[in-house]
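What follows is a set of notes on a single structure, which appears directly below.
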2 protein chains.
Amino acid sequence: MPAPAKLRPQLSPDLVVEAAAKVLERDGIDGLTMRAVAAELKVQAPALYWHFPNKDALQVALFDHLMADLAFAIDGRDWREDIHLMCHQLRRHLLARRDSAQLLPHGFFVGPNMMEQAETILGILIRAGMTPKDAAYAMSTGVSYIITWVIGEADILQRRLTGHDGNDELAHRLVATGRYPYFAQVIGAFELGGDIEGQFDFGLNCLIAGFEQLIPRR
Amino acid sequence: MPAPAKLRPQLSPDLVVEAAAKVLERDGIDGLTMRAVAAELKVQAPALYWHFPNKDALQVALFDHLMADLAFAIDGRDWREDIHLMCHQLRRHLLARRDSAQLLPHGFFVGPNMMEQAETILGILIRAGMTPKDAAYAMSTGVSYIITWVIGEADILQRRLTGHDGNDELAHRLVATGRYPYFAQVIGAFELGGDIEGQFDFGLNCLIAGFEQLIPRR
DNA sequence: ACCTGAACACCGTTCAAGT
DNA sequence: ACCTGAACACCGTTCAAGT
């Protein structure tokens, strides 16, 4: 005779992470509370603490989970091109998973999935001629750039939807005083209507140009 | 006859910001609560809402306040050198004011002080030959790099003090599986004992190398 | 071993009421 | 005009108690 069916499926770290992913997608980072995740699992909040020591650990696991299906599509002909493509793909991946970039206050290469991705990136840079240390720093700088960028971009997209923007107003009032002549020239570049993808590429290309100098010419 | 002395000095936005600065320095970003700021002023928390619409607005004002005495020391001979110096000075300024880099989720050029600083930076880049738009993007990319960096660096310094680091442990366990050969080569670069200032310079030099390409050769 | 119930020590913010 | 008192609707986390 088989074991009696359990009334409730047992919790597990994986189930908790999947529930957290659902909550994050539905309610955003502010809605991602231990109680909400527990509710998603039809369980009381303290139950989660049997599987994760605290919310931080859950967020780390969640981020890694969200990076599991990040598959870089590159052709391996030119490392500059490959890195460029991968950075754009990482940006899109993060943007497509609501608030995922805000999950990690610090350190993104923890967990099996992110480390798997790191292998790809490091391989390209090292085979291109970088020292392992330079490759590590370059990867860290690049990913950090993208994560910070995506947080900012999501914020801009959000404010475009909700309409007006308090900070913009303040900046305009200050510019109107005439005390910031250079800023007055460039304030358009910071406005919500700006070329957002172009600005991403701008910083990205600067970084890649810098990376290029780390590779010995032959 | 002069007006009777008030029992309590009247509150003002400036006084609130100064109290908030004290609380931030003493208790860090987690201790910066409306109640704590109010207590510092010997006032009830709701009183603050007469002077600021919400906590976010207070944080924006506080950040600008903390940037008031940021004075760039440069000599104006070479723009690359100047930018390099300013970036290091901004890093030190932020590091010296506890958790200041964590005050701003989005947008750092709001408020008279930051815009004053922006004038200096934009001036250097535009006079070096950049278009205003490129100068704006370059400044934005650079400051964003530094702020993100400082948040990470403060975190590393903190973990160095408190000793052990859970994420490091996880990464080591995963590396020990042998499935991440490249990562195994570079894990030393990410450890707490790493050359932290060197890593900052690494990213910074990459960016500046990229900026250089925006300036037409003569 | 794994989860519930109840509680602790907080948050940001609102709002009627005071002065 | 400016602040208090009291409350609302939450948080993350702990811990004894249940099964």
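Each chain gets a letter, A, B and so on, in the order its sequence line appears, and its residues count up from 1. Because only heavy atoms are used, hydrogens play no part in the values below, and waters and symmetry mates are left out as well, while side chains stay in.
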Next item on the list: Check every atom of D:dC3, D:dC11, D:dA7 against the side chain of A:Arg35 and return the nucleotide holding the closest atom.
Entry: D:dC11

Checklist line | Atom pair distance, as rounded to whole Å: CD1 in A:Ile29 and C1' in D:dC11 | finding: 14 Å

Margin query: According to side chain to side chain donor-acceptor pair (under 3.5 Å), who are the partners of B:His65, at least two apart in sequence or on a separate chain?
Written below: none

Check: After noting the C-alpha distance and the side-chain angles of A:Leu125 and A:Ile83, does the key distance pass the side chain to side chain contact (heavy atoms under 4.5 Å, CB included) rule?
Finding: CA-CA 9 Å; A:Leu125 296 176; A:Ile83 293 292; 3.7 Å; yes

Item checked: Whole-Å distance separating the OH atom of A:Tyr49 from the C1' atom of D:dA17 -> 19 Å

Check: Start at the 5' end of DNA chain D and walk down; is the nucleotide closest to A:Ala36 or to A:Pro53 reached first?
Finding: A:Ala36

Next item on the list: Taking the side chain as every heavy atom from C-beta outward, state whether A:Trp149 and A:Leu94 have any atom pair closer than 4.5 Å.
Entry: no

Checklist line | Length of the line joining B:Gln44:CD and C:dG18:P, which is rounded to integer Å | finding: 16 Å

Next item on the list: Please name all residues satisfying side chain to side chain donor-acceptor pair (under 3.5 Å) with A:Asp30, sequence neighbours left out, ordered by chain then number.
Entry: none

Notebook entry, point to check: What parts of residues 18-25 of chain A reach DNA chain C, counting only heavy atoms under 4.0 Å away?
Noted result: none

Next item on the list: Using only side-chain N and O atoms of B:His51, determine if any of them is under 4.0 Å from OP1 or OP2 of D:dC3.
Entry: yes

Notebook entry, point to check: Checking B:His93 side chain against B:Leu66 main chain: does a donor-acceptor pair fall under 3.5 Å?
Noted result: yes

Notebook entry, point to check: In whole Å, what is the span from the CD atom of B:Gln10 to the C1' atom of D:dC3?
Noted result: 10 Å

Notebook entry, point to check: Which whole-number value in Å describes the distance from B:Leu48 CG to D:dT4 C1'?
Noted result: 12 Å

Check: For A:Tyr180, which residues count as a ring pair (Phe, Tyr, Trp, His ring centres under 6.0 Å) partner, sequence neighbours excluded?
Finding: none

Checklist line | Sidechain N-carboxylate O distance under 4.0 Å for B:Asp201, B:Arg91 | finding: no

Next item on the list: Please name all residues satisfying side chain to side chain donor-acceptor pair (under 3.5 Å) with A:Thr148, sequence neighbours left out, ordered by chain then number.
Entry: B:Thr148

Notebook entry, point to check: Which whole-number value in Å describes the distance from B:Trp50 CH2 to C:dC15 C1'?
Noted result: 13 Å

Next item on the list: Return one dot-bracket line describing DNA chain C 5' to 3' (Watson-Crick or G-U wobble pairs, both distances under 3.5 Å; ( ) same strand, [ ] crossing, | another strand, . none).
Entry: ||.|||||...|||||.||

Item checked: Heavy-atom donor-acceptor pair, A:Tyr145 side chain to A:Phe200 backbone, under 3.5 Å -> yes

Check: Given C:dA6, C:dG12, C:dC3, which nucleotide is nearest the side-chain atoms of A:Pro46?
Finding: C:dA6

Margin query: Distance check needed: D:dC2 C1' versus B:Leu41 CG, whole Å only.
Written below: 14 Å

Check: Between D:dT13 atom P and A:Phe52 atom CZ, what is the distance in whole Å?
Finding: 13 Å

